[in-house]
Student: 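The structure that follows is given in the form of structure tokens.
Everything quoted here is computed from the prediction, not taken from an experiment.
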Amino acid sequence: MKKLLAAFAAAFTVTAAAQDGGLGDVLGALAKFGGEQQFLPVEEAFRAKVTALAPHRLRVSFKVAENYYLYRDKIRVRSLRGDVQLVPLQLPPADKIGDPYFGDVWIYDRDVAITAAMDKIVDSLPLELTYQGCAKDGVCYVPVTERWTLAPGDGAGFRNDGANVYSGGVDAYGDGSAGENDGSFFVYLLGAFGAGVLLTFTPCVLPMVPVVSAVVAGQGGGRARGGLLAMVYVLGTAAAYAAAGAVAGATGDQLQAFFQHEFFLIAAAAFFAAMALAMFGVFHLQMPAAVQSRLSAAGRSGGTFAGVFILGALSALLIGACVSPVLVSVLGVALRTADPLLGAALLASMALGMGLILIAAGFGVGIAARRFGAWLDTVKRGFGVALLAVAIYLLGAIPEVPVQLLWGALFITVGVAALRGRIFPAAGGAQVAAKSIGVFFLVWGAAATAGGFAGNRNPLQPVAVLFTDKTAAAGQSLAITDTAALEDVIAAAAASGKKLALYYHADWCVDCARLERTFTDAAVAQTLRGEFVFAEVDLSASLDPGTRALRRRFAVFGPPAVLLFNADGVLMRRVYGYRDAAEFVEILRAL
Amino acid sequence: MSLSGLVKAVAFAAVAAVALSAGHHLSRAHFGDGAARNFQLADIDGRMHELNGYRGRFVLVNFWAPWCAPCREEVPLLMRARARHREKDLQILGISLDGEENTRIFRDEFGVNYPLLAAANAGSRLLGAWQSGGAIPFSVLIDRAGRIRHRKSGAYAAGELQELLRAELR
């Protein structure tokens, strides 16, 4: 461990020093990272908060960091609702400082709270807060504009919409050039790691636990060795993801296009189906004999480790097809800054997070096998079904595949197995439960099959399409082809007093196809038609400079993305990835 | 425990890779590298200045505003630097995050001897693009090839700018 730390420190110092030389600079940089940053980011220097005091009064409070101050005359709160006025703020007494250029200036260098009254009681009030201040040690901040909204139903709390805007519009109106935050590299890594841990519990990753355990257990050796093998497997996945992240960081996009390619989806689905068969005991899971013998010729124990490492790398790429929307959001910063190293570090960190449980399983697999015996077979078969479900889910992204029929087949098979008492090993009550489950799945499978012949693709609403009014559509839509048209549409929507939904899609984006079904939902379509201008941006030609400019205008990572603007033409919210109709309506109405 | 040499090697490589990328990223964020973002802005006399048009000489871009006290205190240092170096070696551009009127009043009062570009909105966008944290004064020194050599948040100390320019421009 000490050696590892030393290696880390050495490598870190070498690269940090390489570009500028001089230990002093490196130490300065470290100090900056270690929290002794010269100047706080503006949102930390003046923590603004808006709270409701009474139905018609609100308080704006600032926690002013030590050695920072706010200008009293630059604090402004403005209602963004035309029918509500804010009665001028009551400003507490401020301190006077002499300014050689302007004369006396009034400042707050401590926490300050300001009250304002509304001339009318409403349940939702969007407002704009502007403030400006300086650090006593020698910098001033560009004026900050924040948008806050009193959301209906959340009582006394105001919500910051996250649309913090420098007065020049650096952030919300950014063109992708907004500065990255220097100090947050490790925060990003930590976030990616956390995302990885959470991903373990998705159906894409969880079934891999027994698969890897089987491979590891198949190699023989003690528990420690099992754990080490699992670790090597995880390092293999980390290496593969790091490579993918580096490519994504370097090219700025393309990763999603790669992982959502049909060829890739089919390969991944085949892989998951094969793993499922192994879980059902159709064949014994181990590395192909040819590979194994060649590897063991290369070195007795090292060979196995190398094999497991390669297995990790390969399976990582296949699982990537399943989790690509998450990959892309984790990669957000790296994509925006086009930084391959950051991309590699982020995805490697995520892979390590995903591997945490696998490593634990590697160490524990011996114990589990002994204690649970027959039930372990049930669990294995359960995972087998889950793996088949993942395979079908992946295939469902390809429009030509009649996915609902596959779901029907899966459900019917599960139902039959349950009725024949193949699910639980125990007799008695468990078998009654098994029969009920069997009947349930048979009915569901039959419904799914019937819906499938009618062209439905959603197994959770197997027969919905039989009753849905297909004429519901999102109303008219504008196709935007260049940035000038984009600006025109935004301006036109604002001029007509309508909100704007900008939908970014691409041919190769399979989640777009899913999201478009959401748009045709009756409730979504009605809301969009009533209150929104709906416009589309096609990102299919992802390398075309014009397309890049369109994507970068609002720094959109990749499709599907829906950017929502309020009636003033201000970007309020970005929605990435698939949302179902209920979620989407919720988002639209909250705007 | 049968800890094979391969496991050690792989663990080492993984740690080293993370450390290398962290170090690289840190140095990049701190010292800056890569080409400076081009911009094209008019000064308060209406002359256009394009950053890429100054290839072949050093450019010191200084973000400031008349309302910013520490920025004002830095201006005399910049004026001295302007006087000390030949214009074909060093170009100083002051990007004011205030309106043209306020900027002109300031220029006339202080007799600023380098171009002042009044660019309230475009200026803040540039400021964000250069990782300033949104605070001014903020200065970026760009070399003859158009690459960022140095960034500085806050005003230069008296000898600091002189030292930096002497080291870089030699």
Student: Would you say CD of B:Glu101 has more than 12 non-hydrogen atoms from neighbouring residues, nucleotides or ligands within 6.0 angstrom?
Tutor: no
Student: Near A:Lys136 NZ, under 6.0 Å, is it more than 12 heavy atoms from other residues, nucleotides or ligands?
Tutor: yes
Student: Quick check: closest heavy atoms across B:Ala69 and A:Cys140, and the distance to 0.1 Å?
Tutor: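 Reported closest heavy-atom pair: N-SG, 4.2 Å.
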Student: Can you tell me how far the NZ atom of A:Lys74 sits from the CH2 atom of B:Trp67, to the nearest 0.5 Å?
Tutor: 7.5 Å
Student: Using the test side chain to side chain donor-acceptor pair (under 3.5 Å), find all partners of B:Asp89 that sit at least two apart in sequence or belong to another chain.
Tutor: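 In terms of side chain to side chain donor-acceptor pair (under 3.5 Å), with neighbours along the sequence ignored, B:Asp89 is linked to B:Arg86.
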Student: Answer with side chain, backbone, both or neither: which region of B:Ile136 has an atom nearer than 4.5 Å to a non-hydrogen atom of chain A?
Tutor: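 Its backbone and side chain both get close to chain A.
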